Novice: 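My questions all concern the structure below.
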Amino acid sequence: MDNSIKKLVGDFLYKACQESGISLEHLPPIFINQPKKKERGDLSTNLPFSLSQRTGKSASQIGKLLTSPLENEKLFSRVEFILPGFINFFISDLYLKQTLKKLLIQKEKFTQFSLGEGKKVQIEFVSANPTGPLHIGHGRAAAFGDSMANILSRVGYKVEREYYINDVGGQIKRLSSSVWSRLRELEGEKVSFPQDGYKGEYLIEIAKKARKELGSKLSETAPHLLDLLGKFATDEILKEIKVDLEAFGVRFDNWVRESSLHQKKAIPQVLSYLQEKNCLYEKDGALWFKTSSFLPDEEDRVLRRRNGDYTYFASDIAYHQDKLRRGFDRVIDIWGADHIGYVPRMKAAIQALDYPEEALEIIIHQMVTLKRGKKRVSASTRKGEFIPLKEVLDEVGKDAARFFFLSCTCGSHLEFDLELAKKQTPENPVFYIQYAYARICSILENARENRIKIKSPDETGLDLLTTLEERELMRKLSLLPDEVYEAAKSLEPHRLTTYLQELAALFHQFYTRHRVINRDKELTQARLLLVKAIKIAIGDVLGLLGISAPQKM
RNA sequence: GCGCUUGUAGCUCAGUUGGAUAGAGCAUCGGAUUGCGGAUCCGAAGGUCGCAGGUUCAAGUCCUGUCAAGCGCGCCA
């Protein structure tokens, strides 16, 4: 659909440049902004300024050249040049009303774009180790990745969500020996708990379940006892993880186990590939990857230990090669900040595999620090010190939690104060938005009860929408496609939470000042359509964020 | 010690690839309802954008230095 008004304005400017003989070689990228002040119009650009630097002409000369062909354009009611070099655009009511109609007719297609061109994108996120329940940090990644996937698919990408399960290695051994200790505790034995084991109490439940289901297989002399326990425990934990994700509104298309890569012999294969490319060498009995030949500041890393085991890095290279070979046009990883030091070596590995560095896009989200009142809680699965995502969901709900995570840029360190989150629940911004939606539903219900039939936009005189509040609402709605587009382009869902708050505020202001259902039948019709359009917009954007839009609250 | 990230109102955070007079929510104070949902609306107060330099017509935004916080610097994953 490409209903971008900014693109439209940009095209006009481009044409105006052509017509006024400004050399297109000098043309910088055209940026269209929303001015902070209403007096400065609905949209503005600093193009005259940037052009004047490149062409040597004065900004006001260029301003005149650019604005005069636009003066009779129906899209604008006014176009003005302002010193030192801005052009302000005032969108015409005609355009706003046409856009309102489009939104009503096209619904969620209103924000569709051909940007993605049907290209395949894979987003891998959460990928928490199956050694314990999801905690609040995973919640941030889950909310972010999931809504990012929604947004990308809206702008024309084919999106796949993937979860990578590290079900091999030292941590799984620690997990199984921890379960074994818990089991023996249950039998009344006094055991010393493994020092680097998982201390969380959830393992007691799993041990109980293991005793019940595995029964006689669990003797100390049983062969592969720890493997058996490890498999059992990871499966149980994964089940719980899936339940939590489901409750958080997140579903994955694909679950990939690290163990499946081992079965496929993917790791020795990728290593021999790298060997041929002369990226490896042996030292101290171990096999090393020459990270430093790609990034001088990085140290070389071990891929195969002296004892013959592969490192996590080795299997991760195999995993990423596998992903890249699956034929995606974009591969996006979302990692927590605790993996930040891992980025350079992964990028180096990608290049060693003959892909350009950009073939893998890595987004780092900062840690969530937790507070309970004044106490800080660190999140450590190993020590069993963490607030499970489930607990947060139970206390503040899926919608509030997702909204909270999505309102911040993922680069910000954020503090989640559980006490505050609970206290704020009634005044949480997400309820403000949902309330606007429910109010509109209520108005529409009211209209139905009064047997007012809402006519189609073509039959209704939208010209009756003349108040300031109505214009502001139409203006905001007309900018929605650009917001979605920009959120997709910059991979920043939080733009949409900001947009929703502003839209909801405009609606509440309108609502307190004007009646939708009133004595003037024509005006009622027009306002019902406006309100219906807002409902579509709010509901749609909430959907992109994975937040519910309740008819009643 | 080195690297990455972050420092904006009392608190939690926005701030459009450098733009025009720095924003929102919460908390605080004051006001609004015989109207479609008061989980709302209106107003007040609240800031040396960590600090110091620099770049330029223009810096919260870019550069350098400095202070502080988080994370990372394994033949762990």
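Order of the sequence lines fixes the chain letters, A, B, ..., with proteins taken first and strands second; residue numbering starts at 1 for each chain. The model shown is predicted, which means the values in this text are computed figures rather than measured ones.
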Novice: If we take the C1' atom in both A9(B) and U5(B), what is their distance in whole Å?
Specialist: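 After rounding to an integer number of Å, I get 24 Å for this pair.
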
Novice: Write down the distance separating the P atoms in G25(B) and U40(B), rounded off to the nearest Å.
Specialist: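 Taking atom P in both G25(B) and U40(B), they lie 11 Å apart.
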
Novice: For the P atoms, the ones on G43(B) and on G23(B), what distance do you get once it is rounded to whole angstrom?
Specialist: 14 Å

Novice: So do the side chains of Q61(A) and S52(A) get within less than 4.5 Å of each other, counting heavy atoms only?
Specialist: no

Novice: Need to verify one output field. Residue with the more 5' nearest nucleotide on RNA chain B, S407(A) or R515(A)?
Specialist: S407(A)

Novice: For A39(B), take OP1 and OP2 only and decide whether either is under 4.0 Å from a side-chain N or O of H508(A).
Specialist: no

Novice: Say you pick atom C1' in U64(B) and the same atom in A45(B); how far apart are they, in whole Å?
Specialist: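 That atom pair is separated by 38 Å.
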
Novice: With a 4.0 Å limit, can you tell me whether S412(A) has a side-chain N or O closer than that to the phosphate oxygens OP1/OP2 of A14(B)?
Specialist: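 Answer is yes, contact under 4.0 Å.
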
Novice: Does R78(A) make a cation-pi contact with F90(A), if we ask for NZ or CZ under 6.0 Å from the ring centre and within 45° of the axis?
Specialist: yes

Novice: Check whether the side chains of D2(A) and Y485(A) place a donor and an acceptor atom closer than 3.5 Å, and report yes or no.
Specialist: no

Novice: Between R439(A) and A39(B), is there a contact of a side-chain N or O with OP1 or OP2 at under 4.0 Å?
Specialist: no

Novice: How would nucleotides 66-77 of chain B be written as a contact map, 5' to 3', with B for base contact, S for sugar-phosphate-only contact and - for no contact, using protein heavy atoms under 4.0 Å?
Specialist: ----BSS--BSB

Novice: Answer yes or no for this row: Y435(A) ring on U40(B) base, centroids under 5.5 Å, planes under 30°.
Specialist: no

Novice: Tell me whether the OP1 or OP2 atom of C42(B) has a side-chain N or O from Q509(A) closer than 4.0 Å.
Specialist: yes

Novice: Between Q434(A) and D399(A), do the side chains contain a donor N or O and an acceptor N or O under 3.5 Å apart?
Specialist: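 Yes, a side-chain donor-acceptor pair sits under 3.5 Å.
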
Novice: Could you work out the separation of U61(B) and G7(B) based on their P atoms and round it to a whole Å?
Specialist: 11 Å

Novice: Report yes or no: is there a donor-acceptor pair, N or O only, under 3.5 Å between the side chain of K36(A) and the base of U21(B)?
Specialist: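 No.
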
Novice: For the pair made of CZ in R448(A) and P in G37(B), what is the distance, rounded to whole Å?
Specialist: 13 Å

Novice: Between U16(B) and U55(B), how far apart are the C1' atoms? Round to whole Å, please.
Specialist: 23 Å

Novice: Please give the stem ranges for RNA chain B, sorted by first residue number, where a stem is three or more consecutive Watson-Crick or G-U pairs and both donor-acceptor distances are under 3.5 Å.
Specialist: B:1-7 with B:67-73, B:10-13 with B:23-26, B:28-32 with B:40-44, B:50-54 with B:62-66

Novice: Can you check whether T512(A) has a side-chain N or O nearer than 4.0 Å to OP1 or OP2 of C42(B)?
Specialist: no

Novice: Is any side-chain N or O of R513(A) closer than 4.0 Å to OP1 or OP2 of C42(B)?
Specialist: yes

Novice: Determine the Euclidean distance between corresponding C1' atoms of C26(B) and U34(B); express it in Å to zero decimal places.
Specialist: 33 Å

Novice: Can a side-chain donor-acceptor contact be found between S292(A) and E298(A) if the only test is distance below 3.5 angstrom?
Specialist: no

Novice: Write down the distance between CD1 (I363(A)) and P (U5(B)), rounded to a whole number of angstrom.
Specialist: 15 Å

Novice: Does the distance from a Lys or Arg side-chain N to an Asp or Glu carboxylate O, for E162(A) and K323(A), drop under 4.0 Å?
Specialist: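 Not counted as a salt bridge, because no side-chain N and carboxylate O are separated by less than 4.0 Å.
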
Novice: What's H365(A) touching, base or sugar-phosphate or nothing? Going by heavy atoms closer than 4.0 Å.
Specialist: nothing

Novice: Are E469(A) and R513(A) ion-paired here, with the side-chain N under 4.0 Å from a carboxylate O?
Specialist: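 So E469(A) pairs with R513(A) through a salt bridge.
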
Novice: Just say parallel, tilted or perpendicular for the rings of H514(A) and F510(A), cut-offs at 30° and 60°.
Specialist: tilted

Novice: In whole Å, I'd like the distance from the CG atom of L506(A) to the C1' atom of A24(B).
Specialist: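 About 13 Å, once rounded to whole Å.
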
Novice: Starting at the 5' end of RNA chain B and moving along, which residue's nearest nucleotide shows up first, F49(A) or S442(A)?
Specialist: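 The answer here is S442(A).
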
Novice: Using the C1' atoms only, state how far C41(B) lies from A58(B), rounded to an integer number of Å.
Specialist: 38 Å

Novice: Answer yes if the side chains of S259(A) and D167(A) hold a donor-acceptor pair under 3.5 Å, and no otherwise.
Specialist: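 A donor-acceptor contact under 3.5 Å links the two side chains.
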
Novice: Just the rounded figure in Å: distance from C1' of A32(B) to OH of Y511(A).
Specialist: 15 Å

